[in-house]
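Naming convention: chains lettered A, B, ... in sequence-line order (proteins, then strands); numbering from 1 in each chain. Owing to the predicted nature of the structure, the values given are computational and were not obtained by experimental measurement.
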Number of protein chains: 2
Amino acid sequence: MEVFTDLVEQLRRRGERLTPQRRLVLEILQNSEQHLSAEAIARAIVLRYPNLQIDQATIYRTLKWLHQHDLVSETSLGGNHMVYSLLSAHHNHHHLVCDQCHTVIEVEPELLVPVAAALQERYGFQARLAHISLFGTCAACRLQDEGEV
Amino acid sequence: MEVFTDLVEQLRRRGERLTPQRRLVLEILQNSEQHLSAEAIARAIVLRYPNLQIDQATIYRTLKWLHQHDLVSETSLGGNHMVYSLLSAHHNHHHLVCDQCHTVIEVEPELLVPVAAALQERYGFQARLAHISLFGTCAACRLQDEGEV
DNA sequence: AATACAGCTGCAACTATTCGCACGAGGTCG
DNA sequence: CGACCTCGTGCGAATAGTTGCAGCTGTATT
Ligand SMILES: [Mn+2]
Ligand SMILES: [Mn+2]
Ligand SMILES: [Zn+2]
Ligand SMILES: [Zn+2]
């Protein structure tokens, strides 16, 4: 939890509140190296603190809040649920998701830096382009498609 | 409906079927200049053909199918539903969506061409980057945020 | 025109996520 | 420390979108 002391202080100065529920979600994300779904986070909380309870709506609201404040990424990998992870070095990449075979390719974050810069310059728009997904067709599936035409 | 004769033929050659339901959805999208939600499409169908019926699941499946075949875009504008439109000149742009004030800025499609090219070249990945949204904070909201820190 | 079968469709149940509301609890000020 | 106000939480209901399944239909073949 100590890693976030400064971030938490920053939020507090903005008038944001740090509740036990928010600490809990933050702690679970901190201790995971992977993307987690909201449901996985709920399960992890119950597993670690069997006597605590936290509502699913609160988990979603907390994740949205963390995302809004650039502490957490909210990413679709093509499945029917979002996945969440701390914005840390471990998750410093983007995803190419194949619509057909659902393969996920991780790509270097630098790829979108020029786009972000252009948006900032031309529109003053600060794009949230960390740990996102781009969808399409992977090389293998495209070859297969061509063969069928 | 005639605009799509060749596309439809292409799909048919691939073994895809053109059912009345699919024609219907295509027709509604064709006659709209705007983005439409699945529900709006359903309403438009009922309005035009009051005696016909079409299941919502079929509409969703049809839209996904059209999207898969690059005839239709499926886009989030930050609301709680997706919007759909034909991939035509009228919708030849991307969107910058402000997470805070929900403003949508339309930007030139060329912005993402270099990204698509890089993905194609380095990974053989054919990204589906037509009429998509990028999320973040608009200029006005960012100024306001800075003032509050 | 009849056959055959893969691929659609309708239906109803199901999932992930959101929302309204009444109550509870962080943070601030004195 | 206690009051106050604002914001967060739990709860239950609502929403958008998905899925399994059994029956139907577009399309190719004859
Ligand atoms: Mn990742
Ligand atoms: Mn648009
Ligand atoms: Zn693939
Ligand atoms: Zn804004």
Side-chain angles (χ1 to χ4, degrees), chain A residues 8-26 35-43 45-46 49 51-69 71-84 99-100 102 135 148, chain B residues 1 5 8-26 35-43 45-46 49 51-69 72-84 99-100 102 133 135 148:
Chain A
V8 155
E9 259 316 301
Q10 233 176 49
L11 289 175
R12 199 175 271 169
R13 244 176 278 123
R14 292 193 194 186
E16 304 290 340
R17 295 182 188 173
L18 195 51
T19 66
Q21 291 89 338
R22 288 177 174 180
R23 287 177 184 277
L24 224 41
V25 171
L26 214 35
H35 316 130
L36 294 177
S37 67
E39 196 222 347
I41 292 170
R43 268 187 281 116
I45 290 175
V46 172
Y49 302 101
N51 46 336
L52 283 189
Q53 68 159 21
I54 177 171
D55 194 78
Q56 51 160 231
T58 300
I59 293 180
Y60 281 110
R61 285 187 283 228
T62 298
L63 289 169
K64 193 131 292 180
W65 176 78
L66 289 167
H67 180 50
Q68 214 78 342
H69 289 285
L71 288 174
V72 161
S73 63
E74 181 188 51
T75 312
S76 164
L77 294 177
N80 53 345
H81 55 72
M82 292 282 157
V83 292
Y84 303 84
D99 288 324
Q100 299 189 38
H102 310 296
F135 296 89
E148 284 169 4
Chain B
M1 186 61 52
T5 305
V8 155
E9 259 316 301
Q10 233 177 51
L11 290 174
R12 199 176 269 169
R13 244 177 277 125
R14 292 192 193 186
E16 304 289 342
R17 296 181 187 175
L18 195 51
T19 66
Q21 290 87 341
R22 288 178 174 180
R23 287 177 185 278
L24 224 42
V25 171
L26 214 36
H35 314 131
L36 294 177
S37 67
E39 197 222 347
I41 292 171
R43 268 187 281 117
I45 291 176
V46 172
Y49 302 100
N51 44 339
L52 284 188
Q53 67 158 23
I54 177 169
D55 194 77
Q56 54 157 228
T58 299
I59 292 180
Y60 281 112
R61 284 188 283 228
T62 298
L63 289 169
K64 194 133 290 182
W65 175 78
L66 290 168
H67 180 51
Q68 214 78 343
H69 290 285
V72 161
S73 63
E74 181 187 51
T75 311
S76 165
L77 294 177
N80 53 345
H81 55 71
M82 292 282 157
V83 293
Y84 303 85
D99 288 325
Q100 299 189 37
H102 311 296
S133 293
F135 296 88
E148 283 171 5

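In this structure, A:Ile45 and A:Arg43 have side chains that are not in contact, with every pair of non-hydrogen atoms separated by 4.5 Å or more. Within the 4.5 Å cutoff, side-chain heavy atoms of B:Leu63 are placed close to those of B:Tyr84. The side-chain heavy atoms of B:Gln56 and B:Glu39, taken from C-beta on, include no pair separated by under 4.5 Å. For the pair A:Thr75 and A:His35, the minimum side-chain heavy-atom distance is 4.5 Å or more. Proximity of B:Val25 to B:Thr58: side-chain heavy atoms (C-beta onward) are nowhere separated by under 4.5 Å.
When the side-chain nitrogen and oxygen atoms of A:Thr19 are compared with OP1 and OP2 of D:dG8, none of them lie within a distance under 4.0 Å. OP1 and OP2 of D:dG17 both lie 4.0 Å or more from every side-chain N or O belonging to B:Lys64.
Mapping B:Ala57 and A:Gln56 onto DNA chain D by nearest heavy atom places A:Gln56 closer to the 5' end of the strand. Residue whose closest nucleotide on DNA chain D sits further toward the 5' end, between B:Ala38 and A:Gln21: A:Gln21.
Remark: the backbone N or O of B:Thr62 is not paired with any side-chain donor or acceptor of B:Arg22 at under 3.5 angstrom. Between the side chain of B:His67 and the backbone N or O of B:Val72 there is at least one donor-acceptor pair closer than 3.5 Å.
Across the protein-nucleic acid pair, A:Trp65 atom CH2 and D:dT9 atom C1' stand 14 Å apart, rounded to whole Å. Look at CD on A:Glu16: it is 11 Å from C1' on D:dG8, rounded to the nearest Å. Here D:dT18 presents its C1' atom at 12 Å from CD of B:Glu74, a figure rounded to the nearest Å. In this structure, the CG atom of B:Asp55 is 15 Å from the P atom of D:dA16, given to the nearest Å. A straight line from CD1 of A:Ile59 to P of D:dT9 spans 11 Å, rounded to a whole angstrom. One atom, CG of A:Leu18, and another, C1' of D:dG8, lie 12 Å apart when rounded to the nearest Å. In this entry the distance linking NE2 of A:His81 with P of D:dG17 reads 17 Å, nearest Å. The separation between A:Tyr60 atom OH and D:dA14 atom C1' is 15 Å, rounded to whole Å.
Within the 4.0 angstrom heavy-atom criterion, only backbone atoms of the sugar-phosphate kind lie near A:Arg22; the bases stay farther away.
For B:Arg17, counting side-chain heavy atoms from C-beta on, the closest listed nucleotide (D:dT27, D:dT6, D:dT9) is D:dT27.
Chain B approaches DNA chain C within less than 4.0 angstrom (heavy atoms of the protein), and the contacting nucleotides run 5' to 3' from C:dA6 to C:dC11.
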